[in-house]
Peer 1: 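Below is a structure I'd like to ask you about.
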Amino acid sequence: MNQYFATVARGLETLAAQELEQLGAHSVEPGFCGVAFEGDRTLLYRVNLWARLPFRILVNIHEFPCLDAKDLYRGIQSIDWQNYLTPDMTLAVNTTGKNNNLNHTHFTSLQIKNAIVDQQKENLGERSNVELHEPDVRVNVHIERDSCTVKLDSSGNSLHRRGYRPAVGAAPLKESLAAALIQLSGWQPQQMFYDPLCGSGTLPLEASLKALNIAPGLFRESFGFENWLDFDLALLEKLLQEAKDSQLDTLPAPIWGSDRDENIIEQAINNAQNCGVDNHVWFSQMELADVVAPADSGVLFCNPPYGERLGRDSDLGAFYKLLGDVLKQRFKGWTAFVLSGNKELSQSIGLKSSQRIAVYNGTLPCQLMKYELY
């Protein structure tokens, strides 16, 4: 069994732990901004392919006592880097955490890089180059009090970048956060899903990937572990094939999105094409004032602008009041979820929420508010 760590957005640790357990992870332990778990190589590949909430899946390779730069250099050199890296492979080091003597992450990263390449030069006469953007191997090091943990990043680019969304509107919601909100809401694919402020389509698209059982990792160009010396191509191909075979052909219920901006709806349609769901999800250009319920019941989801992201706007209060009116008057029998990062604005909706769930959108504390519209 290998020791793994999934990094996730703050506040989503418990939810991510549930997802990892469903994917077959063992000894699952939620922590701060991440979840520790255990498993084999198959699980590592499967989690990268299927998990909707984490950013990165890290593999623990060593842990040692570390008080200062000397301890750090020695500890890094005690790892046999030939198991992970050849001189023709590029390298990047990312450091988090600190202690009294190692309190500058840039300096710490430099020490780690030196320890690795010095070992290479001594044993092999040549060394890896540093490549910050697309390295072959990403080394993640975490310093906490008198301990240092060394991990390799198996994901490469962050998993929230699914790869279906080159087209992003002015204020995008991360795909992983959209998936988490859908998970938190308890929406089931048998219920109609509608986002009347859909922007470039992230919420409806994440809902459709879930409803059609499409693995979010299928749209990525590659994973970090594909560069590793122990990469098992046959295993990855088998898991990719299984993922493709398990997709559903039709949505159990309609998924719709609309937005006032025609150009942004074009982007949403492009994004839907990129993940192969353009025949399933329906997008249209529509003003909020013209929105009516497309069915007797369902789940409405939206992430309205909250000043933080689209400049301060005196009309936002009126916009939220309009949103409240549309919900009250036209969506009887529905359940609505509104993500808001602005308390005053959310009061302008004029409805009493039956539940509020605290979440972070990046660093911004937000609330996902649930409204039962009788």
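Only a predicted model underlies this, so the values are computations on that prediction, with no experimental measurement involved.
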Peer 1: Treat each ILVMFWY residue as a node, draw an edge where side-chain heavy atoms are under 4.5 Å apart, and state whether Phe337 and Tyr360 are in one component.
Peer 2: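 Different clusters.
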
Peer 1: Fit a plane to each ring of Phe225 and Phe223, take the angle between them on a 0 to 90° scale, and name the class: parallel (under 30°), tilted (30 to 60°) or perpendicular (over 60°).
Peer 2: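 It falls in the parallel class, under 30°.
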
Peer 1: Please determine if Lys151 forms a cation-pi arrangement with Phe5, meaning its NZ or CZ atom is less than 6.0 Å from the six-membered ring centre and no more than 45° off the ring axis.
Peer 2: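 Lys151 over Phe5 ring: yes.
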
Peer 1: For the side chain of Arg330 and the backbone of Val291, is there at least one donor-acceptor N/O pair under 3.5 Å apart?
Peer 2: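 Looks like yes, one N/O pair under 3.5 Å.
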
Peer 1: Got a sec: does the CD of Glu344 have more than 12 other heavy atoms crowding it under 6.0 Å?
Peer 2: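 Atom CD in Glu344 is not crowded, with 12 or fewer foreign heavy atoms closer than 6.0 Å.
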
Peer 1: Could you tell me whether Trp187 and Phe193 have their ring centroids closer than 6.0 angstrom?
Peer 2: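 Here the rings of Phe193 and Trp187 have centres that are less than 6.0 Å from each other.
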
Peer 1: State, without any angle test, whether Arg161 and Ser158 hold a side-chain donor-acceptor pair at a distance under 3.5 Å.
Peer 2: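 Side chains of Arg161 and Ser158: no pair found under 3.5 Å.
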
Peer 1: If the plane angle is over 60° it's perpendicular, under 30° parallel, otherwise tilted; pick one for Trp334 and Tyr194.
Peer 2: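 Ring orientation of Trp334 relative to Tyr194: perpendicular.
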
Peer 1: Does the distance from a Lys or Arg side-chain N to an Asp or Glu carboxylate O, for Lys370 and Glu372, drop under 4.0 Å?
Peer 2: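 Glu372 and Lys370: salt-bridged.
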
Peer 1: Just by distance, do the side chain of Asp40 and the backbone of Asn2 share a donor-acceptor pair under 3.5 Å?
Peer 2: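 The answer is no, because no donor-acceptor pair under 3.5 Å joins these two groups.
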
Peer 1: Is it the case that more than 12 heavy atoms not belonging to Lys98 sit under 6.0 Å from its NZ atom?
Peer 2: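 Atom NZ in Lys98 is not packed in, count stays at 12 or less.
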
Peer 1: Could you go through Thr250 and His280, starting from their C-alpha distance and side-chain angles, then the distance that decides it, and tell me whether this counts as side chain to side chain donor-acceptor pair (under 3.5 Å)?
Peer 2: CA-CA 7 Å; Thr250 50; His280 300 277; over 6 Å; no

Peer 1: Hey, is the main chain of Gly11 close enough, under 3.5 Å, to the side chain of Glu13 for a donor-acceptor pair?
Peer 2: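 Yes, because the side chain of Glu13 sits within donor-acceptor range (under 3.5 Å) of the backbone of Gly11.
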
Peer 1: For the atom pair CD (Glu19) and CG (Leu53), what is the distance rounded to the nearest 0.5 Å?
Peer 2: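 It comes to 4.0 Å.
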
Peer 1: Looking at Asp315 and Ala318, would you say the former's side chain and the latter's main chain have a donor-acceptor pair under 3.5 Å?
Peer 2: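 No.
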
Peer 1: Would Glu287 and Arg260 count as a salt bridge (charged side-chain N to carboxylate O under 4.0 Å, His left out) here? Give the steps.
Peer 2: CA-CA 5 Å; Glu287 291 284 346; Arg260 63 184 298 187; 3.7 Å; yes

Peer 1: Just wondering, are more than 12 heavy atoms of other shown residues or ligands nearer than 6.0 Å to CD in Gln190?
Peer 2: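 Buried by this count: over 12 neighbours within 6.0 Å.
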
Peer 1: How long is the straight-line distance from OG of Ser340 back to CG of Asn361, given to the nearest 0.5 Å?
Peer 2: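 That separation rounds to 10.5 Å.
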
Peer 1: Establish whether Tyr4 and Leu235 are linked, either directly or via other cluster members, by ILVMFWY side-chain heavy-atom contacts under 4.5 Å.
Peer 2: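 Yes, Tyr4 connects to Leu235 through the hydrophobic network.
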
Peer 1: Counting C-beta onward and ignoring hydrogens, is there a side-chain heavy-atom pair between Arg138 and Asn157 closer than 4.5 Å?
Peer 2: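 Sidechains of Asn157 and Arg138: in contact.
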
Peer 1: Which distance, rounded to the nearest 0.5 Å, do you find between the OH of Tyr320 and the CG of Asp325?
Peer 2: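 If I round to the nearest 0.5 Å, the distance is 14.5 Å.
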
Peer 1: Under the criterion side chain to side chain contact (heavy atoms under 4.5 Å, CB included), I'd like the reasoning laid out for Arg356 against Leu368: C-alpha separation, chi angles, the key distance, then a yes or no.
Peer 2: CA-CA 6 Å; Arg356 288 166 179 254; Leu368 181 64; over 6 Å; no

Peer 1: Would you confirm whether Gln183, through its side chain, and Leu15, through its main-chain N or O, come within 3.5 Å as a donor-acceptor pair?
Peer 2: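 Pair absent, no side-chain N/O of Gln183 close to backbone of Leu15.
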
Peer 1: Go through the steps to decide whether His142 and Thr96 satisfy the test side chain to side chain donor-acceptor pair (under 3.5 Å), and finish with yes or no.
Peer 2: CA-CA 5 Å; His142 184 65; Thr96 54; 2.7 Å; yes

Peer 1: Under the 3.5 angstrom rule, does the side chain of Gln191 hit a backbone N or O of Ala253 as a donor-acceptor pair?
Peer 2: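 Here the side-chain-to-backbone pair does not exist.
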
Peer 1: So, Gln77 and Gln119: side-chain donor and acceptor under 3.5 Å apart, yes or no?
Peer 2: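 On atom types as modelled, these side chains do not qualify, holding no pair under 3.5 Å.
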
Peer 1: May I ask you to check whether over 12 heavy atoms, not counting those of Lys328, lie within 6.0 Å of atom NZ?
Peer 2: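 Enclosed.
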
Peer 1: In this structure, would Ile116 and Leu124 fall into the same cluster of hydrophobic residues linked by side-chain contacts under 4.5 Å?
Peer 2: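 Ile116 does not cluster with Leu124.
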
Peer 1: Looking only at the side chains, is there a donor atom on one of Asp88 and Thr86 sitting less than 3.5 Å from an acceptor on the other?
Peer 2: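 Looking only at side-chain atoms, Thr86 and Asp88 do form a donor-acceptor pair, the distance falling under 3.5 Å.
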
Peer 1: Heavy atoms, side chains only, cut-off 4.5 Å: are Pro304 and Leu323 in contact?
Peer 2: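 They are in contact (side-chain heavy atoms under 4.5 Å apart), so the answer is yes.
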
Peer 1: Could you go step by step and tell me if Ser154 and Asn48 meet the side chain to side chain donor-acceptor pair (under 3.5 Å) rule?
Peer 2: CA-CA 8 Å; Ser154 72; Asn48 271 291; 3.0 Å; yes

Peer 1: Distance only, no hydrogens: is a donor on one side chain within 3.5 Å (strictly under) of an acceptor on the other, for Ser346 and Gln367?
Peer 2: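 No - no donor-acceptor pair under 3.5 Å links their side chains.
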
Peer 1: Verify the neighbour count for atom CG of Asp245: are there more than 12 heavy atoms of other residues, nucleotides or ligands below 6.0 Å?
Peer 2: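 Correct, the count exceeds 12.
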
Peer 1: Should Asp118 and Arg127 be marked as a salt bridge (charged side-chain N to carboxylate O under 4.0 Å, His left out) after you check the CA-CA gap, both sets of side-chain angles, and the distance that decides it?
Peer 2: CA-CA 8 Å; Asp118 289 353; Arg127 53 155 284 187; over 6 Å; no

Peer 1: Which atom names give the shortest non-hydrogen contact between Ala92 and Glu131, and what distance separates them?
Peer 2: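 Scanning both residues completely, I find the closest heavy atoms to be CB-O, 3.5 Å.
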
Peer 1: Check step by step if side chain to side chain donor-acceptor pair (under 3.5 Å) holds for Glu206 and Tyr164.
Peer 2: CA-CA 11 Å; Glu206 286 296 318; Tyr164 66 69; 2.7 Å; yes

Peer 1: If Ile, Leu, Val, Met, Phe, Trp and Tyr residues are connected whenever their side-chain heavy atoms lie under 4.5 Å apart, and connections chain through other members, are Leu44 and Leu58 in the same group?
Peer 2: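 Not linked; separate clusters.
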
Peer 1: Between Thr108 and Leu102 (side chain of the first, backbone of the second, donor and acceptor by atom type, cut-off under 3.5 Å), is there such a pair?
Peer 2: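 No; judged by distance alone, with no hydrogens or angles, the pair does not exist.
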
Peer 1: Quick one: pull up CG in Leu152 and CG in Asn60 and give me the separation to the nearest 0.5 Å.
Peer 2: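 Those atoms lie 9.5 Å apart.
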
Peer 1: Any donor and acceptor pair, going by atom type alone, linking the side chain of Asn99 with main-chain N or O of Arg145 inside 3.5 Å?
Peer 2: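 A pair under 3.5 Å: yes.
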
Peer 1: Run Thr149 and Val141 through side chain to side chain contact (heavy atoms under 4.5 Å, CB included) and show every step you take.
Peer 2: CA-CA 6 Å; Thr149 315; Val141 175; over 6 Å; no

Peer 1: Inspect the surroundings of NZ in Lys121 and state if more than 12 heavy atoms from other residues, nucleotides or ligands are less than 6.0 Å away.
Peer 2: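 For Lys121, atom NZ is crowded (more than 12 foreign heavy atoms under 6.0 Å).
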
Peer 1: Okay, side chain of Ser258, backbone of Gln285: is any donor-acceptor separation there less than 3.5 Å?
Peer 2: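 It does not hold such a pair.
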
Peer 1: Are Val8 and Phe55 packed together at the side-chain level, in the sense that at least one heavy-atom pair is separated by less than 4.5 angstrom?
Peer 2: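 Not touching, per the 4.5 Å side-chain cut-off.
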
Peer 1: Given side chains that start at C-beta, do those of Leu339 and Phe301 come closer than 4.5 Å, heavy atoms only?
Peer 2: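 SC-SC contact between Leu339 and Phe301 ruled out.
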
Peer 1: For the side chain of Trp81 and the backbone of Ile76, is there at least one donor-acceptor N/O pair under 3.5 Å apart?
Peer 2: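 Yes: the side chain of Trp81 pairs with the backbone of Ile76.
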
